[in-house]
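Note that the coordinates shown come from a computational prediction; the quantities given were computed from them, not determined experimentally. Residue numbers begin at 1 in each chain, while the letters A, B, ... track the order of the sequences.
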Protein chains: 2
Amino acid sequence: MGRMTQSPRKRPTSFDVAHLAGVSQSTVSRALAGSPSITEATRNRVMAAAAELDYLVDERAARLRRGTTSTLAVVVLRRPEDTVRSANPFYQELLYSVCEAAATRQLDTLVSLQSDDGDLSGRYVEQGQADGLVVIGSPTNVRAWEYFHELEADTSYDSPDTIGHAAYWGTPHEDMRWVRADNATGGRLAVRHLTDAGYRSIAYAGSDGNVQQQFRERHEGYLAEMADRGLAPRMIAVDQDSSREDQGRAAADAVLAAGDVDAMFVACDRMALGVLDRLSGLGTNVPGDIGVVGFDGMGAGRFSNPPLSTIEPDLAAAGKMLVDAAIDGVAQADGVRVPVRYVARSSVRSE
Amino acid sequence: MGRMTQSPRKRPTSFDVAHLAGVSQSTVSRALAGSPSITEATRNRVMAAAAELDYLVDERAARLRRGTTSTLAVVVLRRPEDTVRSANPFYQELLYSVCEAAATRQLDTLVSLQSDDGDLSGRYVEQGQADGLVVIGSPTNVRAWEYFHELEADTSYDSPDTIGHAAYWGTPHEDMRWVRADNATGGRLAVRHLTDAGYRSIAYAGSDGNVQQQFRERHEGYLAEMADRGLAPRMIAVDQDSSREDQGRAAADAVLAAGDVDAMFVACDRMALGVLDRLSGLGTNVPGDIGVVGFDGMGAGRFSNPPLSTIEPDLAAAGKMLVDAAIDGVAQADGVRVPVRYVARSSVRSE
DNA sequence: CTGAAAGCGCTTACAG
DNA sequence: CTGAAAGCGCTTACAG
């Protein structure tokens, strides 16, 4: 490693470069920033000196002076009890796609994992650390969402070069600038493909209550499409407190007990994976006896038994929408929808 | 939103707070930083004024002056052709656990996704943006690893408060400070559990070449344990160019063609998932006819057909080791190993 | 315990 | 096209 072969020395500044190149410090700054007013010859001399000294601009100073940061802050809300392996991979994927979208816009991403029971902080713009903020979470992070909701109301001044924009995934508050999957369309798509494949007695498996806004919307899409097709809706309500997988297993039991259901639209993939697990354990033929459609597009669905048909939100679009909304703002006061598509796999008969 | 209810005004500085609290700017700085030399009464007055003005320290200025950043830079190497959904989730999980480990140490994480065919940059410490650097990638990101390898050699000066530490996951260069799974132990564990379950003709499925250091180590562990138990090793070499899943499918075909193999230790979970997919498609009984063990601990393995036994690296430990190595440095010049454990699921007969 | 002042390392009017 | 100077908003010796 380099530092062993040479004695440490202080990091060079633009003054050192100026001295070596025989120009003023301001010229160094301009030359390195690509100012068009600098001669090619001068620029070359400066660049050579900078390379020679291994000089790099100190971004703290540059940003302090400039007033901007070229950075997007991303807060990921996690449940305190989650480990990397038990956490819902959906949020990890969403984080990843936000980072990708930010990179496309030449923005670095300042990521902070926060949980409902720990310190919350989202004032990165006000602290000069970012030009915008994206918050990713599930509506169950109640305290965190209240915190961010209040933050929106509190911000009483604007930074010179930014308007302190923010965008949110998973907020239960309608008056925050949210980005969400087009859940209702997803619900409709599920019913559409299931009926096209010949299923008629299609149940929705999910929570009945109003805890999860996203689930409610999926359910509404399901109801609307069922009504449009003159089919009677059925609800398989699951216990709120168990894991998604166990909720799915219980839903499968309920469907089998009912005896007259031939397909299920399940609120999310993790739950649907639980459904499949129970159904295959019991020897029920999927998709023959019962067709199953999930929601999320989880990778695990490609290898389940059988592979899971699902409604997949366009994650790349989601990342881009969040970043754009956070940096540019959006016209509408509230939210924007991420498109979804139906992914056909073998948990549904071919149409 | 707040900005609608009040006219925008410039962000307050410590001078504004000082003015309102009737003290000097230095006192504001000290009071807010928690300096013990400030009276309780003074501190309260300052805090009240700061709250009143909604003042927050500008971190750019504070860090410029202080010389540190409280930030860890994390570079994630991605393949240019990958999308969020096609990318190996292992790296997303690892990124997540690095962020968690950093948060535990009160560090923010500056995340940058970079790919072999795009701009590479890892000089965050030199630019005053971070106190340390973690790079996560696969050995296949050849150009990127060469870049970071050279960077280590180039750094010819030290920052005043940091030594420009870095730690790497996935580097093919032995002389960089790497963190890796304990692959050899993983290979041994796989063989151990397979033989304990009564399997005798255990093949290794993976690449034969030396492309993937990690795979080579897993193979070596397998070979060593097989030798210790007096069993004859078998290699099922896979085609380098197809997808992991297809490599797995081909390996399954090869095993079936051979006819005398009763178990497989597969180089990684994605490949093992391909093995399972083909085996179940062909009606082969797993674990009855053939036992399968993968490597990685991928979430999808919990729902595959049958659920996949696997060697799981401790991801939380991996994140912590990377962060610690990057910030504190480590004693040894080269690397440290992340512990692995055997996760028993139904792709192996119960012992 | 508090204040006046220097200075971190840049960018950018302002002159010439 | 280039330079001298101001200033971004802090922290921290140095005095008292």
Testing the 3.5 Å rule here: is there a donor-acceptor pair between the side chains of A:Q114 and A:Y147?
no

Keeping A:R78 on the side-chain end and A:P80 on the backbone end, is there a donor-acceptor pair under 3.5 Å?
yes

In terms of side-chain geometry, is the basic nitrogen of A:R63 or A:D131 positioned less than 4.0 Å from the acidic oxygen of its partner?
no

Using whole Å, report how far CG of A:L64 lies from C1' of C:dC8.
9 Å

Nearest whole Å is fine: how far is C:dG9 P from A:L32 CG?
16 Å

What is the separation between atom CG on A:D16 and atom C1' on C:dC8, rounded to the nearest whole Å?
14 Å

Tell me, what's DNA chain C's dot-bracket, Watson-Crick or G-U with both distances under 3.5 Å, | for other-strand, [ ] crossing?
|||.||||||||.|||

Please say whether more than 12 non-hydrogen atoms of neighbouring residues, nucleotides or ligands are located less than 6.0 Å from NE2 in B:H173.
yes

Quickly, which of B:T109, B:L94, B:L322 forms a side chain to side chain contact (heavy atoms under 4.5 Å, CB included) with B:V74? Name it, please.
B:T109

D:dC10 C1' sits how many Å from A:R66 CZ, rounded?
18 Å

To the nearest angstrom, the CZ-C1' distance between A:R65 and D:dA5 comes to 11 Å

Under a 3.5 Å distance rule, please check whether B:D324 uses its side chain to pair with a backbone N or O of B:M321 as donor and acceptor.
no

With heavy atoms under 4.0 Å as the rule, sort B:T13 into base, sugar-phosphate or nothing.
sugar-phosphate

Here the distance between atom C1' of C:dG9 and atom CG of A:D58, to the nearest Å, is 6 Å

Rounded to whole angstrom units, what separation is found between the CZ atom of B:R60 and the P atom of D:dG9?
8 Å

May I ask you to decide if B:G67's main-chain N or O and A:R60's side chain share a donor-acceptor pair within less than 3.5 Å?
yes

Please list, one pair per line, the donor and acceptor atoms closer than 3.5 Å that link side chains of residues 37-49 of chain A to other protein atoms, with sequence neighbours excluded.
from: A:S37; atom 1: OG; to: A:S35; atom 2: OG; distance (Å): 3.1
from: A:R43; atom 1: NH1; to: A:A31; atom 2: O; distance (Å): 2.9
from: A:R43; atom 1: NH2; to: A:S35; atom 2: O; distance (Å): 2.9
from: A:R45; atom 1: NH1; to: A:A21; atom 2: O; distance (Å): 2.8

What are the atom names and distances for every N/O pair under 3.5 Å that joins the protein to nucleotides 1-4 of chain D?
from: D:dC1; atom 1: O3'; to: A:T39; atom 2: OG1; distance (Å): 2.8
from: D:dT2; atom 1: OP1; to: A:T39; atom 2: OG1; distance (Å): 3.2
from: D:dT2; atom 1: OP1; to: A:T42; atom 2: OG1; distance (Å): 2.4
from: D:dT2; atom 1: OP2; to: A:T39; atom 2: N; distance (Å): 3.1
from: D:dT2; atom 1: OP2; to: A:T39; atom 2: OG1; distance (Å): 3.2
from: D:dT2; atom 1: OP2; to: A:T42; atom 2: OG1; distance (Å): 3.4
from: D:dG3; atom 1: OP2; to: A:S24; atom 2: N; distance (Å): 2.9
from: D:dG3; atom 1: OP2; to: A:S24; atom 2: OG; distance (Å): 2.9
from: D:dG3; atom 1: OP2; to: A:T27; atom 2: OG1; distance (Å): 2.4
from: D:dG3; atom 1: N7; to: A:R30; atom 2: NH1; distance (Å): 3.3
from: D:dG3; atom 1: O6; to: A:R30; atom 2: NH2; distance (Å): 2.5
from: D:dA4; atom 1: N7; to: A:S26; atom 2: OG; distance (Å): 3.2
from: D:dA4; atom 1: N6; to: A:S26; atom 2: OG; distance (Å): 3.1

Starting from the C-alpha separation in whole Å, work towards a yes-or-no answer on side chain to side chain donor-acceptor pair (under 3.5 Å) for B:T69 and B:Y124.
CA-CA 10 Å; B:T69 65; B:Y124 296 94; over 6 Å; no

To the nearest angstrom, the CD-P distance between B:E59 and D:dC8 comes to 19 Å

